[in-house]
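Down below is the structure, laid out as structure tokens.
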Amino acid sequence: MVPLYTCCPFPSSKALQISPSFLLLSSRNPKFLPFTISRILRATSISTSATKHEEPIRTSYAGVQLEETVDETKQGKLRLDSWISSRIQGISRARVQSSIKSGLVKVNGRVVDKVSHSLRAGDKVDCVISDLQPLKAEPEDIPLDIVFEDDHVLVVNKPSHMVVHPAPGNANGTLVNGILHHCSLPTVASSEKEVLFDTQDMSDDEQDIFHGASAGAASVRPGIVHRLDKGTSGLLVVAKDEYSHAHLSEQFKQHTIQRVYISLTCGVPSASSGRVDIPIGRDSNNRIRMVAVPGLSHHGQARHAASRYKVIEVLAGGGSALVQWRLETGRTHQIRAHAKYMGIPLLGDQVYGGTKNMALSLLRPRTPPYYNDELSRLVSRLERPYLHALVLGFEHPHSGEKMRFSCPPPPDFGEILNHLRKIGIEKPISKE
């Protein structure tokens, strides 16, 4: 029997010579059988038996209060949400923003509900962190780029800037909202009695950390087996029934899923190919950022992470590179953290050092003077980390067939790539 999907060979560097105007596959929207809605936000109860030497793990910051004056030594203006986040360790900015919008923050005695309100040295801030609200996902008519679909699985080409699942600060416009509409499923929400964690980032290997305390509650992440960061584009598989979800989840845990990414980097790796085997853990100074920490794989603060990379093209005289990544593990922000550790943060990745200023500092000395204005315009348009999930391969949970899909990067990626090629392109010298 001829399979319903197209099995794409692994793309060569020639295959990446795409037109920036190339449009990805359009949704064919065949019949989509509803899948079982299950597994909702599993919450671990707050420990009430902490020892003298251990503080209980905080799972809710509801009621935490901050009364503090902005440091007189600080220069310039500060965003209200950013400043509060920096003063309360372990809480996300989305949670802080929710508190501000709920009217629980005062500046100099006046309620301020604008998250971007500018603070000045000497301002007195009074803040109370709000209760976590049950997450709710409503069906939304969002166009989905369906690459493959049958009765059991759905492969989607996620655009950049789309969040995968609802979270504090991102309740609408997510991939899950679109899937609910695509499946003709009703609004789903977590139980009001549940204790919800204040977490926004999950790795592929941690996709089951959120579940419901009540067995009958419905999932706010229907069928989501793994995730891509908001700024990352590319292929993602969704399970359409409970068996498929369990089977695909096991493949991720066993690291048998094939995942290949491409990225644009600031600078070029010192070696044209290699393997990065450096544990990754949460950055203690910035909750939304991960950090590669050598030698701490058994410390508990970091987890084993391994990535293989290969330079496909050296761009702009060495100011950038097109790099292919193969993941052996699936940690949160793995490629972004490993790239930073290697000294080649992803182009446009503000969180991990791939800032516009860094890009300009590397590209401008290598760019002909007549091209400088165009280069400045190019860099000014960098809006996300230029990372794309190019290839996804897995075993079909029901048929056992080996499925493999490849999808070219979106137009914004292609446009940046083509501009960098104009400045200069060369193939790396293989040392194999």
Side-chain angles (χ1 to χ4, degrees), residues 7-16 18 147 155 157-158 203-207 225-229 231-237 248-280 290 292 294 297 303-315 320-347 349 352 354 385-395 402-409 413 417 427-432:
C7 191
C8 302
F10 183 77
S12 64
S13 59
K14 183 179 293 185
L16 296 174
I18 59 172
V147 176
V155 178
N157 177 32
K158 185 188 87 67
S203 70
D204 294 339
D205 299 335
E206 297 167 335
Q207 72 272 11
V225 183
H226 64 126
R227 64 180 289 279
L228 297 175
D229 295 333
T232 303
S233 57
L235 296 170
L236 183 143
V237 62
L248 289 169
S249 295
E250 186 62 25
Q251 291 184 56
F252 273 99
K253 291 176 181 177
Q254 297 300 323
H255 309 306
T256 57
I257 296 284
Q258 182 186 22
R259 287 165 293 171
V260 180
Y261 294 71
I262 55 172
S263 71
L264 296 173
T265 61
C266 292
V268 182
S270 56
S272 60
S273 63
R275 180 174 183 268
V276 186
D277 188 356
I278 304 295
I280 290 176
M290 307 300 287
S297 57
R303 302 178 67 188
H304 169 64
S307 310
R308 294 184 180 274
Y309 74 91
K310 180 180 180 181
V311 178
I312 304 300
E313 295 173 359
V314 177
L315 303 166
S320 181
L322 177 64
V323 180
Q324 169 191 294
W325 304 83
R326 292 175 180 264
L327 295 185
E328 295 181 16
T329 56
R331 307 305 181 202
T332 301
H333 298 181
Q334 178 170 319
I335 292 175
R336 298 166 67 186
H338 275 169
K340 177 178 174 61
Y341 175 81
M342 295 167 62
I344 53 161
L346 304 189
L347 197 67
D349 195 344
Y352 288 89
Y386 282 84
L387 179 64
H388 175 73
L390 181 73
V391 174
L392 177 66
F394 56 89
E395 180 183 280
K402 299 292 184 181
M403 308 184 73
R404 196 163 181 267
F405 303 94
S406 178
C407 193
F413 191 113
L417 175 59
K427 301 294 181 180
I429 299 176
S430 175
K431 296 182 180 180
E432 297 179 0

Query - Side-chain donor/acceptor of Thr329 to backbone N/O of Ala306, under 3.5 Å - result: yes
Requested in this report: Not counting sequence neighbours, list each pair that qualifies as a salt bridge (charged side-chain N to carboxylate O under 4.0 Å, His left out) and has a residue in residues 262-278.
Outcome: Arg275-Asp277, Arg275-Glu328
Query raised in the report: Under a 4.0 Å N-O cut-off, is there an ion pair linking Lys340 with Asp349?
Result: no
Report task. Please examine the side chains of Leu392 and Val147, heavy atoms only from C-beta on, and report whether any two atoms are closer than 4.5 Å. Result -> no
Query - With sequence neighbours excluded, residues passing side-chain hydrogen bond (donor to acceptor under 3.5 Å, both in side chains) with Ser320 - result: none
Requested in this report: For the residue pair Tyr386 and Pro409, establish whether any side-chain heavy-atom pair is separated by less than 4.5 Å.
Outcome: no
Report task. With sequence neighbours left out, write down each residue that passes side chain to side chain contact (heavy atoms under 4.5 Å, CB included) with Ala389, or none if nothing qualifies. Result -> Leu228, Tyr261
Query raised in the report: Would you say Phe413 and Leu347 make side-chain contact, with heavy atoms under 4.5 Å?
Result: no
Query raised in the report: Between Arg331 (side chain) and His304 (backbone), is there a donor-acceptor pair under 3.5 Å?
Result: yes
Report summary line: Applying side-chain hydrogen bond (donor to acceptor under 3.5 Å, both in side chains) to Ser233 and not counting sequence neighbours gives His388
Report summary line: CG (Asp229) and CD1 (Ile335) are apart, to the nearest 0.5 Å, by 9.5 Å
Query raised in the report: Once you round to the nearest 0.5 Å, how far does CG of Leu327 lie from CZ of Arg308?
Result: 11.5 Å
Requested in this report: Determine yes or no for a side-chain-to-main-chain donor-acceptor pair under 3.5 angstrom, with Lys402 supplying the side chain and Gly393 the backbone.
Outcome: no
Report task. Please identify each residue that fulfils side chain to side chain contact (heavy atoms under 4.5 Å, CB included) with Gln251, with sequence neighbours left out. Result -> His247, Leu248, Thr256, Ile257, Phe394, Glu395
Requested in this report: Would you check if the side chain of His226 reaches a backbone N or O of Val237 as a donor-acceptor pair within less than 3.5 Å?
Outcome: yes
Report task. Say whether, by atom type as modelled, one donor and one acceptor occur between the side chain of Lys158 and the main chain of Arg227 under 3.5 angstrom. Result -> no
Query raised in the report: Got a second to check how far Trp325's CH2 is from Gln334's CD, nearest 0.5 Å?
Result: 9.5 Å
Report summary line: Rounding to 0.5 Å, atoms CD1 (Ile312) and CD (Gln324) come to a distance of 4.5 Å
Query - Residue pair Arg303 / Ile280, side-chain heavy-atom distance below 4.5 Å - result: no
Query raised in the report: Sequence neighbours excluded, which residues qualify as side-chain hydrogen bond (donor to acceptor under 3.5 Å, both in side chains) partners of Tyr352?
Result: His333
